[in-house]
Amino acid sequence: MSVGIHIRRATHDDYEGVKAFTEKIWADRGGDYIPAVYHDWLEDEDDDHKKTFLADAGDDVAGIVQAVMVSPDEAWFQGMRVNPDYQRQGLSGRLNDACFEWAREQGATVGRVMVFSWNAASLGAARKSGLEPATEFRFAHPKPDPDASGPDTVTNDPSAAWRYWTHSDAREHLNGLGYAPEETWAMRELTRQDFLDFASDSGDGNGTNDVINADDDTEVFAVERNGKYVGASYRLRTYERENDDGESEAWAEYGVGAWEDVEATRSLFAAISRDAAALGADRTRVLIPETAAVVSDASYAGAKISEEPDFVLSGAL
């Protein structure tokens, strides 16, 4: 047991201790992201929508994890790391318990976590903590292209996008989850208001393969064919990120991709490609359900696909 280890709120002064063990994690996969983002990732003292817990072993940092409220009753848990020198002492359970207790105090009734599919240890720890499998997804990466085209009409009508989403196989597979605007690398249940908020205020939403007002941070897309909606997506954010060569790249991120068939996939990806090009993005990322049909549709439509899926686990609080 982790006797003598104190669970407390992490601070900026803990950076060197956190870096000392996390910078060695996943070296064969490009390394851990926490040392690079720690100071931005950490919440301010008066921030009541997230809290980062640290396992303090005195001279060492034994572990860390963060809990975030992504809606009034949904919590997201991320960044769970246990120092290899302190593994098999029940620390992941203690850190999870701290997150669960804090989230319940904030009004959360459900908590979720995302785990890379290759991370067997974290998957086992999540199940041991009481979380159950919820869904799986991966990313498609349509190339930004101002001249991309597809066979169907694409508009920016949020009501149409929401209507298709509510009846789509993608929504059923993802349990209603999409990428959250409140936190990067987090998911929550999407609402009609989200699609309204993501939509631009300008433009009439009409016209074949039309993308309106791509200067805003967010946007929605609805694929229409013969009076029927057959696809939907939304742009969530844009950001800068260094590539493996240390060069800065602009990314456009789309919180979900849902469609009826390959032709709808082509049309939706074409709209996303034009949208990303209008933003000056170098790369895109579209969250898609991890099913044989969807992943093969995306590949058939010409998009690059991430090599491995991610898993989401969920539990009532």
Side-chain angles (χ1 to χ4, degrees), residues 49-50 68-78 103 106-114 131-140 142 154-201 205 211 216-224 229-239 252-260 264-265 268-269 271-272 275 284-291 294 297-298 309-317:
H49 98 283
K50 69 167 65 173
V68 185
M69 293 298 296
V70 291
S71 83
D73 68 341
E74 294 170 275
W76 186 260
F77 309 126
Q78 59 190 8
Q106 309 312 306
T109 59
V110 63
R112 302 185 183 94
V113 64
M114 180 174 68
L131 301 179
E132 296 293 333
T135 189
E136 63 269 37
F137 68 92
R138 74 171 68 200
F139 294 108
V154 180
T155 74
N156 304 116
D157 183 345
S159 295
W162 166 251
R163 181 53 52 194
Y164 178 74
W165 167 248
T166 60
H167 294 83
S168 67
D169 291 340
R171 183 181 185 277
E172 181 176 357
H173 177 84
L174 293 170
N175 280 324
L177 303 178
Y179 249 18
E182 294 83 4
E183 183 73 18
T184 58
W185 286 93
M187 298 178 75
R188 66 162 171 78
E189 295 175 7
L190 297 175
T191 68
R192 179 182 177 86
Q193 188 61 47
D194 287 328
F195 281 79
L196 295 173
D197 290 343
F198 294 147
S200 297
D201 292 330
V211 176
D216 294 339
D217 286 339
T218 62
E219 185 59 280
V220 298
F221 308 90
V223 183
E224 183 182 2
Y229 291 101
V230 293
S233 184
Y234 61 91
R235 177 177 11 103
L236 188 61
R237 58 177 63 91
T238 58
Y239 56 91
E253 185 172 82
Y254 301 81
V256 78
W259 53 74
E260 203 75 11
T265 314
L268 184 63
F269 281 178
I272 287 172
D275 179 69
T284 71
R285 186 167 76 165
V286 186
L287 187 152
I288 62 173
E290 172 68 2
T291 71
V294 171
D297 280 350
D310 295 315
F311 296 151
V312 177
L313 296 95
S314 176
L317 299 177

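Worth knowing before you read on, the calculation uses all heavy atoms, side chains too, and leaves out hydrogens, waters and symmetry mates. Starting from 1, each residue takes its place in the sequence as its number.
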**Study point:** Any side-chain heavy-atom pair of L131 and V113 under 4.5 Å
**Key:** yes
With sequence neighbours left out, the residues meeting side-chain hydrogen bond (donor to acceptor under 3.5 Å, both in side chains) with W162 are none
Tightest non-hydrogen contact, residues A222 and A161, listed as CB-N, 3.7 Å
Rounding to 0.5 Å, atoms CD (E260) and CG (D297) come to a distance of 10.5 Å
Quick note, salt bridge (Lys or Arg N to Asp or Glu O under 4.0 Å) partners involving residues 174-193, not counting sequence neighbours, are K50-E183, R112-E189, E182-R188, R188-D194
So CG of N156 and CZ of F221: to nearest 0.5 Å the spacing works out to 6.0 Å
side-chain contact (heavy atoms from CB on, under 4.5 Å) between V68 and Q78, worked out
CA-CA 8 Å; V68 185; Q78 59 190 8; 3.6 Å; yes
Distance col, row W185:CH2 vs M114:CE, nearest 0.5 angstrom, shows 5.0 Å
L268 and A258 have their tightest heavy-atom pair at CD2-O, 3.8 Å
Rounded to the nearest 0.5 Å, the CZ atom of R163 sits from the OG atom of S168 at a distance of 11.5 Å
| message | With a 4.5 Å cut-off on side-chain heavy atoms, are V256 and L236 touching? | response | no
Point to revise | Distance-only polar pair, side chains of E219 and Y254, donor-acceptor under 3.5 Å | key: no
Atom pairs and distances, side-chain donor-acceptor, residues 132-140, under 3.5 Å, sequence neighbours left out:
| residue | atom | partner | partner atom | Å |
| --- | --- | --- | --- | --- |
| E132 | OE1 | R127 | NH2 | 3.1 |
| T135 | OG1 | H173 | O | 2.8 |
| R138 | NE | E290 | OE1 | 2.6 |
| R138 | NH1 | S306 | O | 2.8 |
| R138 | NH1 | E307 | O | 3.4 |
| R138 | NH2 | E290 | OE1 | 3.4 |
| R138 | NH2 | E290 | OE2 | 2.9 |

Do W165 and L174 come within less than 4.5 Å of each other through their side chains, counting heavy atoms only? yes
Checklist line | I272 side chain near V286 side chain, heavy-atom distance below 4.5 Å | finding: yes
R171 to W259, cation-pi by 6.0 Å centre distance and 45° axis angle | no
Checking the side chain of S233 only, and the main-chain atoms of G257 only, is there a donor and an acceptor separated by less than 3.5 Å? no
Does Y179 use its side chain to pair, donor to acceptor, with the backbone of R235 at less than 3.5 Å?
no
Answer yes or no: does atom CG of N175 have more than 12 heavy-atom neighbours from other residues, nucleotides or ligands under 6.0 Å? yes
Are the side chain of D157 and the backbone N or O of S159 linked by a donor-acceptor pair below 3.5 Å? yes
Tell me, with the steps shown, if D73 and V110 meet side-chain contact (heavy atoms from CB on, under 4.5 Å). CA-CA 7 Å; D73 68 341; V110 63; 5.6 Å; no
Original post:
Got V154 and V223 here, is their nearest side-chain heavy-atom distance under 4.5 Å?
Top reply: yes
Measure centre to centre between the rings of Y229 and Y164, then say whether the value is under 6.0 Å. no
